[in-house]
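For reference, the structure is listed below as C-alpha cells.
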2 protein chains.
Amino acid sequence: MSTESGRPAPEPADETAPVSEMGDREAPARLRGLPSRLLALTAARADRLVSEGLAEQDARKWHYAVLAALDEHGPTSQAGLSRRTGIYRSDLVAVINELAERGHVERTPDPEDRRRNVITMTARGREHLERLDRVLADIQEELMEPLSKAERALLTSLLGRMLDH
Amino acid sequence: MSTESGRPAPEPADETAPVSEMGDREAPARLRGLPSRLLALTAARADRLVSEGLAEQDARKWHYAVLAALDEHGPTSQAGLSRRTGIYRSDLVAVINELAERGHVERTPDPEDRRRNVITMTARGREHLERLDRVLADIQEELMEPLSKAERALLTSLLGRMLDH
DNA sequence: CCTTCAACGTTTGTCCCGCTAACGTTTATG
DNA sequence: CATAAACGTTAGCGGGACAAACGTTGAAGG
C-alpha cells in the first residue's frame, strides 16, 4: 500500500496486542494450555465475529435471540422473552425498542393482563430473522473452519455437557 | 430486614435467569446448539469460577498472568509484560500497583533505560503464584468435571486449533 | 549538536455487558 | 379489602477491553 514517498500512515508501532488478536504467541506456558483461558479466547473471538456480522445487518445478538424466541413460540410477553433468552428484563426494554424501531416487532398492550406487553414478530421481522440465520451459519463455519465435521459435532457436544453441570 | 417473626425470606421470585445459571433450559432451539453461544456460555461460567476462586485469594486473573510471565522470563518491563500477557498498558498500571501493594512484585526504575520500570517478582509473589496455580487447577477440574481425561485433552486441542485461525 | 521519532509509563475516558435496585402499575391471593 | 406478586421501565454500578493524549526518555540521522 502506498509505496510512494507519501507517508500517510505513521503506523503507531506501539501497540499492545488486542486480546482478540492475541492467539498465544508469547503467552507464558502456564497460560497457554489453560482450558479456562482457551475458552475465554475462543469465546471472545466468536463474540467478535458474531457482533461484527450482525452489525452489518444492523442487528445485535440479543435481537437474534428475541426473534428466535418469537419464531418458536409465537407472541410473548417481555417477561416471557426475558426467561427464554436469558436477557435481563432491564436490558430487554432497549432491545424491544430497537426491534420495534426497525419494524421487526410490535409491542402491544395485552388486553387480558394490562401489566403485559405482548411482543409480536412482523413479516419484516421474520425475513430479518432468516437473514440473520444465514449470517450466523456463516460465522459458525468460519469459526470452526479448521475442524472436521465430526470434530465440530464433538466440540458442541463437549461444551453442551459442560453446561449441564 | 430481620423482623423476627418467621419471615421466610421474601424470595424475590421475580428473576430473570442470570446468564451464568442459564444452561439452556428454555432457550429457543435455534440458539441451543449454536457453537458461538455454547462457547460464550461455557466461557462465562469459566470466567465466573476463575474470578471467584481468585477473589478468595485476593487476586484477579491479570495478577496471575503477570506473575506467570515474571516467573517464566525473569524481571521484565511493563511494556514487555503487556506484550506477553495481552494486557493493555493502560490497564497494566493498576495491576502492577495492586501486586506491588500486596508485596508480590516490585517496581524499580531501570537505570539503563530510565523510561522503563523493571518489574520483579518477590518471594511472596512466588508463593502466591503457587497458591494460584493450585486454585486454577482445581477450577479446571471443576469446569471439566463431566469430561473424561481424554475428552479434556481433546477439548483443549480443538480450542487450540481454532485459535490458530 | 539538534531535531525528529519511537518507546515507555501514566491518566483519563469511552463503550459494552451482566447485573442490581427501585418504582409505579396491575393482577392474584386470602 | 389488604397484601403480595408479577410486569415493564429507569437508573446505576462494576468490570473489562480499548483509544487518545501527554510528559519523559532514549535512538538515529543530518
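Proteins come first, then strands; the chains are lettered A, B, ... in the order of their sequence lines, and each starts at number 1.
Residues in residues 131-160 of chain A take part in no ring-ring contact (aromatic ring centres under 6.0 Å, His included) pair, two or more places apart or across chains.
Applying the salt bridge (Lys or Arg N to Asp or Glu O under 4.0 Å) test to B:R30 and every residue at least two apart in sequence or in another chain returns A:D71, A:D133. Remark: A:R114 pairs with no residue by the side chain to side chain donor-acceptor pair (under 3.5 Å) rule, at least two apart or across chains. Qualifying salt bridge (Lys or Arg N to Asp or Glu O under 4.0 Å) partners for A:R124, counting only residues two or more places apart in sequence or in other chains: none. Every residue meeting the side chain to side chain donor-acceptor pair (under 3.5 Å) condition with A:R115, not counting sequence neighbours, appears here in chain and number order: A:D113. Residues that satisfy the ring pair (Phe, Tyr, Trp, His ring centres under 6.0 Å) test with B:H104, not counting sequence neighbours, are B:H128. With sequence neighbours excluded, the residues satisfying side chain to side chain donor-acceptor pair (under 3.5 Å) with B:Q140 are A:S36.
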Would you tabulate the nitrogen or oxygen pairs shorter than 3.5 Å linking the protein to nucleotides 10-14 of chain C?
unit_1	atom_1	unit_2	atom_2	d
C:dT10	OP1	B:R107	NH1	3.4
C:dT10	OP1	B:N117	ND2	3.4
C:dT10	OP2	B:Q78	OE1	2.8
C:dT10	OP2	B:Q78	NE2	2.9
C:dT10	OP2	B:R107	NH1	2.9

Contact list (N/O, under 3.5 angstrom) for nucleotides 28-30 of chain C vs protein:
none

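Neither OP1 nor OP2 of D:dA17 sits under 4.0 Å from any side-chain N or O of A:R48. For B:Y88, a side-chain nitrogen or oxygen approaches OP1 or OP2 of D:dA19 to under 4.0 Å. Residue B:W62 has a polar side-chain atom (N or O) positioned under 4.0 Å from OP1 or OP2 of D:dA17.
Between B:R32 and A:E72 there is a salt bridge, since at least one side-chain N of the basic residue sits less than 4.0 Å from a carboxylate O of the acidic one.
Here the C1' atom of nucleotide D:dA17 and the CG atom of A:L41 are 13 Å apart, to the nearest Å. Following rounding to the nearest Å, A:E98 (CD) and C:dC16 (P) show an atom-to-atom distance of 10 Å. In this structure, B:L92 atom CG and D:dC18 atom P are separated by 14 Å, rounded to whole Å. Nucleotide C:dC17 holds its P atom 11 Å from the CG atom of A:L54, rounded to whole Å. Distance B:D47 CG to C:dG18 P: 11 Å, rounded to the nearest Å. Per the geometry, CG belonging to A:L99 stands 15 Å off P belonging to D:dG8, to the nearest Å. Look at CD1 on B:I87: it is 16 Å from P on D:dG15, rounded to the nearest Å. Taking atom CG of B:D110 as the reference point, atom C1' of D:dT24 lies 14 Å away to the nearest angstrom.
The nucleotide whose nearest atom lies closest to any side-chain atom of A:R116 is, among C:dG9, C:dA7, D:dC7, D:dC7.
Note on A:V118: it does not cluster hydrophobically with A:V105, by side-chain heavy-atom contacts below 4.5 Å among ILVMFWY residues.
Both A:P111 and A:S51 sit near DNA chain C, but only A:S51 has its closest nucleotide nearer the 5' end.
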